[in-house]
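These notes concern the structure reproduced below.
Just so you know, these numbers use all the heavy atoms, side chains as well, and skip hydrogens, waters and symmetry mates.
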Amino acid sequence: MKKMIMICIALSLALSMHSAEYKAFEGKKVTSTRGLVGLHEVESKIYMEVPLSLTGKRFLTGTVVEQCSDMLESNIGYQPVEPYMVSFRESCGSLILYRLTGSYNASAQDNNLSASNINTVERMFEIKEFSSDSSSVLIDATSYFLSHDKSMDPIDPKAFNAAEGFVKRTGSYIPKTTLLHGFTAGEDCFSVSVSNSYKMKAAFLGIFASDDQAVLTSVVRRNFVLLPEVPMTPVEYDVKVGTYSVSLEDYDHGKPKSSSVKYATRWRLDVGEDGAVTKPVIFYVDDSFPDTWKTGILASVKEWNNAFQKIGFDSALQARMYTGAEDVAPSDIRSNFIMYNLSPAEKITDNRWCDPSTGEILGAGIVVNHGVSELIKKNLLLQTSAGSKDSRTMTVDSVLFARALKSMLVRHVGHCLGLSDNMAGSHAYPVDSLSRASFTSKYGISSSVMDELPFNFIAYSSDNVEDGVMMMQDSPGEYDLYALSRLYGGTVDKCKAYFGKRQKLTDFYDPRSMSFDLGDDSAASVEKGLAGLGAVIRRLNEWISEEDPDYNFREGLQEAVVLQAYEYMKQVFVNVGGIYVSPKEEGDLHNTYASVPKDVQRRHLLWAL
């Protein structure tokens with residue numbers, strides 16, 4: 001303890017001595033922090049001390065909502081703009097912050113190409129002073145950090161008050177409400193937090209405006225991360241494997257035209273001689289989660305660590321509870337957090353910070369809204385209570401709830417590892433197999449947990465449920481092991497299941513790649529689902545009347561019932577006039593587009609009629 005106190009005193013003295021060498025600080029109160037750069041607050045101004053050794057180096061910068069006054073208008077972890085690369089240069093008495101284009105990859109040096117893709121000037125800072133040894137420069141960065149531009153706009157277009165896009169919200173900045181909230185500096189990053197306030201306006205369908213003008217105050221952190229000196233070796237993106245990607249334009253003199261080069265996004269996982277990953281990916285779990293949630297959250301990360309073990313990577317992932325005593329923070333984009341958000345929004349969101357030139361994932365985050373508990377309750381009731389007594393309640397058992405939360409969260413952890421949604425995962429298995437315990441215990445209910453899956457409404461459509469049949473997919477499937485191997489160089493090189501890209505909400509045509517579907521036969525699957533839904537509706541009052549004496553829950557359930565029925569019928573109708581979309585590369589023999597077979601279309605049309 002004494003040693004720690006001495007270190008803190010020595011660091012404070014060093015900061016004071018270093019800050020005092022600048023004339024701008026003489027006789028003034030200075031609050032400082034040092035790391036990659038020095039940040040100093042002096043009389044409501046922010047000075048930044050930048051070592052000249054950092055000029056020319058690549059940084060990734062972006063903003064993240066850290067706090068807000070209304071969780072219905074914004075979300076912790078929301079990124080107002082996509083992160084982008086910047087670099088500092090010293091020139092003519094100024095320190096210039098350039099925004100790097102970084103969007104092309106020239107196979108040969110070309111002066112014309114360079115002249116057509118110069119970096120843009122984002123901000124010029126007058127150099128106030130040089131350090132005594134001329135190794136660093138001091139700039140006044142107040143106007144840059146204490147701003148309210150687009151990158152600081154906290155209004156999340158997907159927040160709860162957006163009503164799934166039906167309500168257009170805008171915010172007008174309230175002058176003179178910008179305040180410095182704090183700053184940090186680490187070995188390879190630094191950040192500044194600023195609060196702004198906005199007057200909110202809302203209009204239904206963008207036409208019918210509300211007279212109410214609530215005020216939204218937010219704290220947004222602007223982050224800078226030093227990109228690796230030695231770039232990670234990129235992995236080329238494969239259109240047939242479900243991964244996220246970064247894109248560059250390749251100008252090769254040997255080719256008739258430029259082409260887009262895509263690299264898959266992934267973590268840099270180096271393996272030691274003992275077969276273990278030398279620097280595992282650590283997810284910190286917000287300690288403010290209700291206790292009943294924590295088990296499922298920790299288990300969702302563990303499932304992916306198990307998946308890595310199966311493809312040859314030991315100790316690739318860890319999950320730890322975050323207490324605040326650790327040397328990391330949720331706003332540090334080099335740290336990975338699973339955060340709890342007090343919002344009624346019934347969804348989980350995630351994001352990644354990637355090196356745009358290689359696809360290396362530098363940090364990731366997941367936000368779990370409180371409203372997810374309501375979604376789990378409704379889905380268990382509507383999709384499984386016909387066959388499961390445990391789901392016939394408004395108070396879900398803690399063990400069942402933890403499993404359900406885990407089944408939802410495991411897909412978002414996959415996103416943070418670089419895997420994208422595989423909407424064809426559930427189509428790989430026959431409908432009748434999903435009612436058998438012997439099959440589901442071995443394969444699950446989908447070949448990919450990256451599919452947007454319901455609970456097993458096929459097996460649980462009646463009281464006649466076979467013992468041991470899986471109710472949900474809560475671990476990576478066989479396709480996920482294959483995709484993980486392709487992405488990270490694992491041992492699984494074959495898989496019969498395939499990848500299906502996510503389709504637009506209002507523009508879907510491939511019946512194999514639908515959300516919330518199960519099995520390879522839509523009509524057979526939906527017939528089971530509707531039978532189960534009908535049984536639930538008939539007996540709902542019997543099951544929950546004592547828990548819902550004022551009908552409040554059942555009133556809110558009406559919309560969920562309609563939406564559930566719509567999801568079922570949508571899966572049938574898409575077969576009529578549907579098109580199979582199968583991405584291909586040079587040498588593949590299959591067609592990219594093929595009509596759904598005539599007999600399949602006819603059978604689904606007759607079923608609907």
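The backbone N or O of Tyr322 sits nowhere less than 3.5 Å from a side-chain atom of Glu326 that would complete a donor-acceptor pair. No side-chain donor-acceptor contact under 3.5 Å links Asn369 to the backbone of Gly371. Checking side-chain atoms of Gln571 against main-chain N and O of Phe516 turns up a donor-acceptor pair under 3.5 Å. Side-chain atoms of Asp421 do not come within 3.5 Å of backbone N or O of Asp451 as any donor-acceptor pair. With hydrogens and angles disregarded, a donor-acceptor distance shorter than 3.5 Å links the side chain of Lys294 to the backbone of Asp287. Checking side-chain atoms of Asp188 against main-chain N and O of Leu226 turns up no donor-acceptor pair under 3.5 Å. Put simply, the side chain of Trp304 gets close to the backbone of Val410: a donor and an acceptor are under 3.5 Å apart. Panel note: side chain Asn591, backbone Tyr593; no donor-acceptor pair is recorded below 3.5 Å. A donor-acceptor pair under 3.5 Å links the side-chain atoms of Gln473 to the main chain of Ile445, judged by distance alone. In this structure a side-chain-to-backbone donor-acceptor pair under 3.5 Å is missing from Gln318 to Ser315.
Taking the six-membered ring for Trp and the full ring otherwise, the centers of Tyr488 and Trp267 sit at least 6.0 Å from each other. A centroid separation of 6.0 Å or more is found between the aromatic rings of Phe337 and Phe283. Ring pair Phe88/Phe59: centre-to-centre distance below 6.0 Å.
In summary, the side chains of Thr278 and Asp270 do not present any donor paired with an acceptor at a separation below 3.5 Å, with no hydrogens or angles considered. Counting only N and O atoms by type, the side chains of Arg221 and Ser191 include a donor and acceptor under 3.5 Å apart. Side-chain N/O atoms of Ser357 and Arg58 include a donor and acceptor closer than 3.5 Å. Side-chain contact check for His427 and Asp520: no donor-acceptor pair (N or O, by modelled atom type) lies under 3.5 Å. When only modelled atom types and interatomic distance are considered, Ser447 and Glu478 share no side-chain donor-acceptor pair under 3.5 Å. Under 3.5 Å, the side chains of Ser448 and Asp480 contain a donor-acceptor pair of N or O atoms. Judged purely by distance below 3.5 Å, without hydrogens or angles, the side chains of Asp156 and Ser74 never pair a donor atom with an acceptor atom. Donor-acceptor pairing under 3.5 Å is lacking for the side chains of Asn341 and Ser343.
A pairwise comparison of heavy atoms in Tyr580 and Ser595 identifies CD1-O, 4.4 Å as the closest pair. Pairing each heavy atom of Leu362 with each of Leu227, the nearest pair is CD1-CD2, 3.4 Å. In this structure, Glu567 and Ser515 approach most closely via the heavy-atom pair OE1-O, 4.0 Å. Nearest heavy-atom pair across Asn336 and Ala364 is OD1-N, 2.9 Å. Minimum interatomic distance between Asn422 and Gly500 (heavy atoms only, all atoms of both residues): OD1-N, 2.8 Å. Nearest heavy-atom pair, Ala402 versus Thr295, reported as atom, atom and distance to 0.1 Å: CB-CB, 4.4 Å.
At least one side-chain heavy atom of Met514 sits less than 4.5 Å from a side-chain heavy atom of Gln503. Between Ser513 and Arg502 there is no side-chain heavy-atom pair separated by less than 4.5 Å. Two residues are said to be in side-chain contact when any heavy atoms from C-beta on lie closer than 4.5 Å; Ile348 and Val367 fail this criterion. Residues Gln67 and Ser218 form no side-chain contact, since every pair of their non-hydrogen atoms from C-beta on lies 4.5 Å or further apart. Residues Cys92 and Ser94 have side chains not in contact (no heavy-atom distance under 4.5 Å, counting atoms from C-beta outward). Side-chain contact between Phe145 and Phe183 is absent, with no heavy atoms from C-beta onward closer than 4.5 Å. Side-chain contact between Val301 and Ile338: present, with at least one pair of heavy atoms (C-beta onward) separated by less than 4.5 Å. Under the 4.5 Å side-chain criterion, counting only non-hydrogen atoms from C-beta, Thr33 is not in contact with Thr184.
The distance from the CZ atom of Arg99 to the OG1 atom of Thr61 is 9.5 Å, given to the nearest 0.5 Å. Note that OG of Ser407 and CG of Leu453 are 8.5 Å apart. Values are rounded to the nearest 0.5 Å. Residue Asn119 holds its CG atom at 10.5 Å from CG of Leu97, rounded to the nearest 0.5 Å. Atoms CG and CE, from Leu95 and Met124 in turn, are 9.5 Å apart once rounded to the nearest 0.5 Å. The line from OG of Ser136 to CG of Leu54 is 8.0 Å long, rounded to the nearest 0.5 Å. With rounding to the nearest 0.5 angstrom, the OH atom of Tyr479 is 8.0 Å from the CZ atom of Arg486.
Remark: Lys570 NZ is packed, more than 12 non-hydrogen atoms of other residues, nucleotides or ligands lying under 6.0 Å away. The neighbour count for Lys347 NZ, taken as heavy atoms of other residues, nucleotides or ligands under 6.0 Å away, is above 12. Around the NZ atom of Lys584, the shell of radius 6.0 Å holds more than 12 heavy atoms that belong to other residues, nucleotides or ligands.
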Fill in: side chain to side chain contact (heavy atoms under 4.5 Å, CB included) between Ile297 and Leu405, intermediate numbers included
CA-CA 7 Å; Ile297 294 170; Leu405 178 60; 3.9 Å; yes

Worksheet item: Please walk me through it: do Tyr78 and Glu66 pass side-chain hydrogen bond (donor to acceptor under 3.5 Å, both in side chains)?
Response: CA-CA 8 Å; Tyr78 169 62; Glu66 193 174 24; over 6 Å; no

Practice prompt. Could you walk me through whether Tyr263 and Tyr237 pass the ring-ring contact (aromatic ring centres under 6.0 Å, His included) test, one step at a time?
Written response: CA-CA 5 Å; Tyr263 296 134; Tyr237 170 76; over 10 Å; no

Item to complete: Apply side chain to side chain contact (heavy atoms under 4.5 Å, CB included) to the pair Val137 and Leu52, showing each step before the final yes or no.
Response: CA-CA 7 Å; Val137 295; Leu52 292 175; 3.7 Å; yes

Worksheet entry | side chain to side chain contact (heavy atoms under 4.5 Å, CB included) evaluation trace for Lys262 with Leu248 | CA-CA 6 Å; Lys262 290 187 175 182; Leu248 302 172; over 6 Å; no

Worksheet entry | Residue pair Glu73, Arg169: steps toward the side chain to side chain contact (heavy atoms under 4.5 Å, CB included) verdict | CA-CA 9 Å; Glu73 296 290 2; Arg169 298 125 59 241; 2.8 Å; yes

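Scanning for salt bridge (Lys or Arg N to Asp or Glu O under 4.0 Å) contacts around Asp510 gives Arg512, with sequence neighbours left out. Residues passing the ring-ring contact (aromatic ring centres under 6.0 Å, His included) test with Phe190 are Phe224, sequence neighbours excluded.
Between Tyr429 and Tyr443, the ring planes lie tilted relative to each other; the angle falls in the 30° to 60° range.
Under a 4.0 Å N-O distance rule, the pair Glu303/Lys406 qualifies as a salt bridge.
Under the 6.0 Å distance and 45° angle rule, Arg266 does not count as a cation-pi partner of Tyr244. For the pair Lys240 and Tyr498, the NZ or CZ position fails the cation-pi test of under 6.0 Å to the six-membered ring centre and within 45 degrees of the ring normal.
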